[in-house]
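Accompanying notes for the structure given below.
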Amino acid sequence: AKLYAKNLLNSLKKKGFNVLLITCFGKEKSKNELTKRKIEQKMFRNNINRECLVLALGGGVMGDLAGFIAATYMRGIPYIQIPTSLLAMVDSSVGGKTAINTIYGKNLIGAFWQPQGVVVDIE
C-alpha cells in the first residue's frame, strides 16, 4: 500500500470510480479467519455489494486473502489481481487459487475463484 496504493487510488478516482481502501499487513500470519472477518465487516459497513469489485494489490498473501474474500463475500463477487512481486505475478497468472491459513496448516480453507483479470507491470 505504501508503494502503490496512492497512485492506483488517484487513477481510479480520476476515472470516476468510488473506492474503499482496506489495507492489512501482507505477511503470512495475516492470512487468517480474523483478518478475513475484519475486512468483510468493513465491506458490509460500507455497503459493498455484488456490483462492486475487489482489487487485490500486493504480493501472494494479499492475492490469496483478497481472492478468498471475493469468492465467499455474498457468495462471490468479481476481483482483479494486481500482483506486486514476481512470485505473485506468476502465481496470479495461474489464477483461481485462494485461501487462508488455519492453526492446522497453510491454505487449508479456500476456494477456486478466477479473477476477472490480472494486471502485471514488471517495472
Side-chain angles (χ1 to χ4, degrees):
K2 291 178 187 176
L3 295 175
Y4 307 111
K6 185 176 180 179
N7 288 337
L8 179 60
L9 288 173
N10 289 337
S11 295
L12 292 169
K13 287 179 181 179
K14 283 180 185 176
K15 296 288 184 182
F17 291 99
N18 292 322
V19 179
L20 170 65
L21 175 64
I22 301 174
T23 61
C24 68
F25 290 106
K27 305 287 183 196
E28 197 67 35
K29 65 181 180 180
S30 300
K31 200 171 81 169
N32 60 47
E33 187 178 350
L34 178 62
T35 303
K36 179 181 182 287
R37 185 173 43 238
K38 286 180 180 180
I39 292 170
E40 290 167 334
Q41 288 171 353
K42 188 167 186 177
M43 291 169 70
F44 280 119
R45 284 193 306 271
N46 286 276
N47 299 313
I48 303 301
N49 59 42
R50 287 187 180 101
E51 295 178 14
C52 296
L53 172 74
V54 171
L55 296 177
L57 174 67
V61 168
M62 296 311 309
D64 274 358
L65 179 60
F68 186 53
I69 290 168
T72 58
Y73 186 82
M74 295 187 145
R75 296 186 180 175
I77 63 174
Y79 82 111
I80 293 176
Q81 293 274 17
I82 308 173
T84 57
S85 69
L86 182 59
L87 182 57
M89 290 174 189
V90 173
D91 202 27
S92 295
S93 70
V94 175
K97 298 183 321 261
T98 69
I100 58 174
N101 301 331
T102 72
I103 60 171
Y104 301 102
K106 184 176 174 176
N107 296 328
L108 293 181
I109 299 176
F112 286 99
W113 189 249
Q114 295 297 326
Q116 298 295 306
V118 178
V119 178
V120 173
D121 182 350
I122 59 173
E123 294 193 35

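Every heavy atom of this structure was used, including side-chain atoms; hydrogens, water molecules and symmetry mates were not. Everything numeric here is computed off the predicted structure, so don't read it as measured data.
- Sorted by first and then second residue, the side-chain hydrogen bond (donor to acceptor under 3.5 Å, both in side chains) pairs with a member in residues 12-27 form an empty list; sequence neighbours excluded.
- For residues 81-90, there are no salt bridge (charged side-chain N to carboxylate O under 4.0 Å, His left out) pairs, not counting sequence neighbours.
- Judged as a ring-ring contact (aromatic ring centres under 6.0 Å, His included), not a single pair has a partner in residues 19-39 (not counting sequence neighbours).
- Remark: K36 engages E40, T72 in a side chain to side chain donor-acceptor pair (under 3.5 Å) (not counting sequence neighbours).
- Partners of N32 according to the side chain to side chain donor-acceptor pair (under 3.5 Å) rule, which considers only residues two or more places apart in sequence or in another chain, are T35.
- Not counting sequence neighbours, the partners of K106 by the salt bridge (Lys or Arg N to Asp or Glu O under 4.0 Å) test are E28.
- Counting only residues at least two apart or on different chains, no salt bridge (charged side-chain N to carboxylate O under 4.0 Å, His left out) pair has a member in residues 78-87.
- Listed by first and then second residue, the side-chain hydrogen bond (donor to acceptor under 3.5 Å, both in side chains) pairs that reach into residues 110-123 come to none, sequence neighbours excluded.
- For L8, the side chain to side chain contact (heavy atoms under 4.5 Å, CB included) criterion is met by L12, L55, L57, I82, not counting sequence neighbours.
- By the side chain to side chain contact (heavy atoms under 4.5 Å, CB included) test, V120 is found to be paired with P83, M89, V118, I122, residues two or more places apart in sequence or in another chain being considered.
- For F17, the ring-ring contact (aromatic ring centres under 6.0 Å, His included) test picks out no residue, with sequence neighbours left out.
- The side-chain hydrogen bond (donor to acceptor under 3.5 Å, both in side chains) analysis of residues 42-69, with sequence neighbours excluded, yields the pairs K31-D64.
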